[in-house]
Protein chains: 2
Amino acid sequence: MVGRRTVERQTGVALWRQIADRIRLAIGNGDYDETGMVPPETVLAAEFGVNRHTVRSALAALAEEGLVRAVQGRGTLIERKDRVTYPISRRTRFSQGLGGQVQEIGSKLLGQREVQASGEVAAALGLPLNAPVVELRTVSSGDGRPLSATIAYFPAERFPEMAQQYGRLGSVTKAFAAQGLEDYVRVSTEIVARHADAEELELLKLSPGAIVLEALAVNADLDGRPVEFSLTRFAADRMKLRIDT
Amino acid sequence: MVGRRTVERQTGVALWRQIADRIRLAIGNGDYDETGMVPPETVLAAEFGVNRHTVRSALAALAEEGLVRAVQGRGTLIERKDRVTYPISRRTRFSQGLGGQVQEIGSKLLGQREVQASGEVAAALGLPLNAPVVELRTVSSGDGRPLSATIAYFPAERFPEMAQQYGRLGSVTKAFAAQGLEDYVRVSTEIVARHADAEELELLKLSPGAIVLEALAVNADLDGRPVEFSLTRFAADRMKLRIDT
DNA sequence: CCTAAATGTCTATTGATCTAGACAATCATA
DNA sequence: TATGATTGTCTAGATCAATAGACATTTAGG
């Protein structure tokens, strides 16, 4: 990996947070797999060129996330190794893609309502401005930890029962099927990365200051008519996206 | 857009930096296109629930980046609207994809050498461990601003002149062609997001604390044999990735 | 059972960040 | 040419982040 042991000062990002991010990445890369432990605090402090207390703040943040557990006299043990891979392809289906990587996949419906399409939503779905659309907000989890938060929009005229069917079936694919749409494909996905905002911190149970990968996706039926526009925010420290082409 | 006007305290990320990130995002989204200006400092301070001085720190950081310019008595003018879209598809070619979005595309070769393939590189290229590979390090720019930094690996036995040809032609596609490979396709791309490290801050001329999108890509010839493994780090505040499927 | 290695806790100090308020300087416009 | 809106500058104080050092506590191992 291409990890460098340096931190930057006076950047608006606290040193303990930078160090926590580095250690989380190193754990995810398997750098500490031999021992199953993070190096001692004094060693990390020397590596990063900071005081031991600063390293302790970083480790405390990782312990708060449940990623490590410090044991007095022994060291800091790694509890979890992270980063689930989320595949994006023409046939992207959330639950299928994660198969095998996590034991339990959960999807929780946070809210549903009918709204008027904003400019962005209307353009994506090929609808006139202010056309009625169904909005679903969901959070998906793997092994009990939230992985992504999604806001999805569907044309209300074509899929009037979307909210109801999703609530019953717990799957977009099944909800489409129940309304006569047997198949659909991913048309485009746009990805940006940014800091998580307050709502995302709560929904995804992120440690504050974390990064989210935001994916804006359009799905269409086999005739090319858009059927879904979704905005998914992935916890960047728990997920990577994989595009197979 | 789904932008919320909240900032988090005691997160290890300074408020001025969070606010700078938000405003940068809003500018990129075209939220201020009507006026071509950022809202007044007092308004922003009220929106974010912070002191005006804190907003000023954020705007100073954006001015440092050349994104805005404050004019006493008038307001803070937007100098650049950001986020170039980088398309990822089976036929991903760096320079072609950006066509029209930026005037000048520049690619600078930082270094070249022959190294032994690490486990990661060997696995991606389908080579034995420690097989000889050519490593190229480059930085690409649009309109004079760096957009991405790449480390690319090529099988040295098959493409012995890779470094030389790239230096001469300035393009991976052309360098391949000069060595008898007429066509190649993108096989897979993995994307993660994280904070930029010190080297990336310098290479990409990022404001400290910024986020990078890291894309690990494998290209193969038409027989499916891998010809290139690359690790590209995009300046997340200047780019978005688009996957057309 | 001692010792080394590691984490846990405490105090004190310095510098960065954020708030608060006041006022100056500049620009657009009525 | 006033006036209001806006950015620029300064001071002071409060809170957070980071350093420094000392010592306690726990664990593993000789």
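Below, chain A is the first sequence line, B the second, and so on; all start at residue 1. Worth knowing before you read on, the calculation uses all heavy atoms, side chains too, and leaves out hydrogens, waters and symmetry mates. Treat the numbers as computed from the prediction; the structure is a model and nothing was measured.
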Rounded to whole Å, the CG-P distance (B/Leu62 to D/dT7) equals 13 Å

B/Phe48 atom CZ is separated from C/dC18 atom C1', nearest whole Å, by 16 Å

**Message:** I'd like to know if A/Lys205 and A/Glu200 make a salt bridge, using a cut-off of under 4.0 Å between side-chain N and carboxylate O.
**Reply:** no

With B for base contact, S for sugar-phosphate-only contact and - for none (protein heavy atoms under 4.0 Å), nucleotides 20-30 of chain D reads BB---BBBS--

The side-chain hydrogen bond (donor to acceptor under 3.5 Å, both in side chains) partners of A/Thr150 (sequence neighbours excluded) come to A/Thr232

### Task
Output yes when a side-chain donor or acceptor of B/Arg137 lies under 3.5 Å from a complementary backbone atom of B/Ala152, and no otherwise.
no

Atom CD of B/Glu41 and atom P of C/dC18 are separated, to the nearest Å, by 16 Å

CD (A/Glu114) with more than 12 external heavy atoms under 6.0 Å: yes

Is the closest basic N to carboxylate O distance between B/Arg186 and B/Glu228 below 4.0 Å?
-> no

Next on the checklist: Does a side-chain N or O of A/Thr76 approach OP1 or OP2 of C/dA6 to a distance below 4.0 Å, or not?
Outcome noted: no

For B/Arg74, the salt bridge (Lys or Arg N to Asp or Glu O under 4.0 Å) test, sequence neighbours excluded, returns none

A/Arg56 CZ to D/dA17 C1', in whole Å, measures 16 Å

Taken to the nearest whole Å, CG/A/Leu15 to P/C/dA16 is 12 Å

For A/Phe229, the ring pair (Phe, Tyr, Trp, His ring centres under 6.0 Å) test, sequence neighbours excluded, returns none

**Message:** Just to be sure I understand the rule, does A/Ser57 reach a base, reach only the sugar-phosphate, or reach nothing, if contact means heavy atoms closer than 4.0 Å?
**Reply:** nothing

In short, the helix from C/dC1-D/dG30 to C/dA30-D/dT1 is bent end to end, axes from five pairs each side, to 10°, by 30°

Sorted by chain and residue number, the side-chain hydrogen bond (donor to acceptor under 3.5 Å, both in side chains) partners of B/Arg69 (sequence neighbours excluded) come out as B/Glu79

Whole-Å distance, B/Trp16 CH2 to D/dT15 P, equals 22 Å

Between CE of B/Met37 and P of D/dA5 the distance, given in whole Å, is 14 Å

So, does B/Arg24 use its side chain to make a donor-acceptor pair with the main chain of B/Arg238 at under 3.5 Å?
no

B/Arg69 atom CZ is separated from D/dG8 atom C1', nearest whole Å, by 16 Å

message: Does D/dT19 have OP1 or OP2 under 4.0 Å away from a side-chain N or O of A/Thr54?
response: yes

